[in-house]
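Just so it is clear: chains get the letters A, B, ... in the order the sequence lines come, proteins before strands, and each one is counted from 1. Everything numeric here is computed off the predicted structure, so don't read it as measured data.
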Amino acid sequence: MSFLLALIIGILYGAGTYMILRRSLVKVILGLIFLGHAANLLIFTIGRLTKGAPPFIPQGAETLAEPYADPLPQALILTAIVIGFGVQAFAIVLFKRTYQTVGTDDLDKMKSTDELK
Amino acid sequence: MTNQIIILPIILPLIFAVTMLFFWKSVKIHRYVNLIGSTISLVVSVIIMIQVLSDGIISLQVGSWQAPFGISIVADLLSAVMIVITAVIGFATALYSIGTIDPGREKFLYYPLLQFLLMGINGAFLTGDIFNLYVWFEVMLISSFVLLALGGTRGQFEGAIKYVTLNLLSSAIFLAAVGILYGIAGTLNMADLARRIPFIEQKELLTAVSVLFMIAFGVKAAIFPLFFWLPASYHTPPVAVSAIFAGLLTKVGVYALIRFFTTIFVHDIGFTHNLLLISAALTMLTGVLGAAAQSDFRKILSFHIISQIGYMILGLALFSPLAIAGAIFYIIHHIIVKTNLFFVSGVVDKLKGSYDLGKLGGVYKYYPILGLLFLIPALSLAGIPPLSGFWAKFVVIKASLEIKEYLIVGIALLVGLLTLFSMTKIWNEVFWKDDPKGSENYIDESYKQISTVKKYLMFAPIILLALITIVIGFYAEPFFNYANAAAEQLIDSSTYINSVLGLK
């Protein structure tokens with residue numbers, strides 16, 4: 001399972017990196033979304049995958065017995081997904097407005113502010 | 001013990017912002033709430049700093065969840081001074097915004113966004129938990145995205161695209177680094193990490209993670225070679241926004257670097273801090289050389305942010321108590337001075353209707369006092385004694401001399417000289433030479449229509465910040481002693497660890 005997830009994370013990182021290097025705005029935003037997902041899956045995998053061992057302290061015991069599924073990475077991912085959703089939604093709207101204002105989705109043509117006068 | 005007070009710099013801006021949202025239509029109420037709110041935040045921050053000075057580090061466990069498990073809010077000397085400076089800049093920007101921001105932007109929630117931005121910045125300075133730091137970064141970023149794009153001119157959108165893309169990329173890297181660090185160390189509480197990291201066996205992996213953090217914060221702090229978003233975006237929004245960004249946002253990245261590479265990642269100083277040292281030298285050089293090529297008032301200032309960041313990173317990279325004290329002093333000085341320079345550029349734009357050095361001129365003839373107000377921060381930035389920048393540079397360079405990094409000393413001095421060159425260029429072009437438009441007293445029509453009150457509100461923050469610069473310059477000792485104490489606290493992390501984890 002870990003191997004499969006590692007493979008998916010690798011593909012997502014690769015695809016994301018490739019996409020944000022494109023000149024088209026749509027591809028850039030897709031790349032950013034991929035990278036966000038890759039990071040979330042990375043946290044999930046690296047927090048160790050434990051199957052069928054919920055982190056409940058059994059009756060009569062004082063502490064958790066190893067192995068147990070650590071709930072914290074999942075809490076982190078949930079937070080990160082919510083934040084990522086908000087930020088990506090904003091970015092999509094920003095990119096759309098930019099396309100409408102500038103009249104192109106080619107990043108190479110968006111350098112009117114960088115030119116030396 | 002009333003340690004609850006340290007959550008106020010985070011909660012108060014939220015309360016003020018939400019209050020403003022209740023009066024969506026009334027810009028007037030927004031202005032007053034923002035101004036009063038910034039004043040209250042300033043008072044609260046100063047109280048916190050005094051309390052930290054007298055009682056030592058204050059920490060608060062949110063929701064009473066015990067330290068490594070819950071979220072800790074911690075105010076040590078460094079955090080305390082950062083929130084005070086943030087509040088000072090917030091107050092100055094509140095005044096300046098009333099004077100300069102156009103009604104269109106005010107109507108679309110400019111002031112609440114400003115408070116949300118301050119909330120994010122204060123949160124980042126005060127948190128003692130790495131994932132929480134990520135959350136505050138996002139709060140800060142999303143507010144800054146909106147502030148940057150608010151108004152919707154072509155330039156703003158082009159700048160915002162680059163700013164948003166690179167900052168989202170850095171957030172993704174940050175998040176991945178957080179995940180890996182949790183996988184290695186099993187905790188994300190900074191104090192707990194500082195305690196556990198010496199006992200972790202996978203040192204190579206730890207070094208790799210520390211470099212990931214370095215990249216994530218490096219993008220936000222605009223160090224070489226990750227700074228390209230900054231000069232592409234900071235000159236596009238209204239000048240009040242540029243000013244608060246220039247003063248505070250990059251410094252949050254620098255603060256995070258200082259926090260991480262003094263308290264947490266000190267297991268492999270030979271590698272990580274050398275990397276920072278090389279980056280610092282190149283940051284200083286590329287920033288100042290980039291500025292030399294520019295002929296736009298705000299673009300020159302943007303490139304100078306980068307070169308000045310280099311000095312702060314240099315202080316961190318040298319990793320001696322004196323050098324880190326120098327870096328902290330440098331941050332204090334730089335936030336004040338840089339914000340002020342942007343404010344001045346805004347007034348010049350209102351006067352003459354341009355930021356282009358070629359089209360400007362003759363401001364000194366018409367407004368000698370503005371010339372003086374420009375010279376104080378400009379000379380301070382270049383490091384002319386006895387202004388604050390001199391002491392900041394002096395301490396950092398003295399620290400490099402003590403460690404015998406003579407090449408770095410040479411670069412730092414050269415960059416200081418080139419900074420002076422840039423500032424003289426602005427002075428010559430904007431203030432000294434004759435107005436290229438011919439008529440001696442050409443003043444933009446829009447400036448004549450600005451009411452006297454608004455003009456006072458434009459000048460008040462500039463005078464306030466200039467006074468602070470002078471005070472830091474002539475009365476540097478208490479500030480330096482403070483920076484020194486803060487640096488000692490950072491290098492000897494045991495007080496920090498004990499305070500947060502409640503050990504004695």
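Proximity to chain B is limited to the side chain of A:R48, based on heavy atoms less than 4.5 angstrom apart. Neither the backbone nor the side chain of A:Y99 has a heavy atom closer than 4.5 Å to any heavy atom of chain B. Neither the backbone nor the side chain of B:F174 comes within contact range of chain A; no heavy atom of the residue lies under 4.5 Å from a heavy atom of that chain. Residue B:V139: no heavy atom, backbone or side chain, is found under 4.5 Å from chain A. Interface residue A:V102: backbone and side-chain heavy atoms are both found under 4.5 Å from chain B. For chain A, the nearby parts of B:T165 are the backbone and the side chain; heavy atoms of each come within less than 4.5 Å. For A:I20, the part lying under 4.5 angstrom from a heavy atom of chain B is the side chain only. Contacts of A:L25 with chain B are made by side-chain atoms alone, with heavy-atom separations under 4.5 Å and no backbone atom involved. Looking at A:T101, the atoms closer than 4.5 Å to chain B (heavy atoms on both sides) all sit in the side chain, from C-beta outward. Proximity to chain A is limited to the side chain of B:I142, based on heavy atoms less than 4.5 angstrom apart. Of the two parts of A:L107, only the side chain, counted from C-beta on, holds a non-hydrogen atom closer than 4.5 Å to a non-hydrogen atom of chain B. Heavy atoms closer than 4.5 Å to chain B are found in the side chain of A:I83, but not in its backbone. For a residue to count as touching a neighbouring chain, one of its non-hydrogen atoms must lie under 4.5 Å from one of that chain's; by this rule B:L188 touches chain A with the side chain only. For a residue to count as touching a neighbouring chain, one of its non-hydrogen atoms must lie under 4.5 Å from one of that chain's; by this rule B:F131 touches chain A with the side chain only.
Checked against the 6.0 Å centroid threshold, B:Y134 and B:F137 do not count as a close aromatic pair.
Side-chain contact, B:S354 with B:D349: no donor N or O sits under 3.5 Å from an acceptor N or O.
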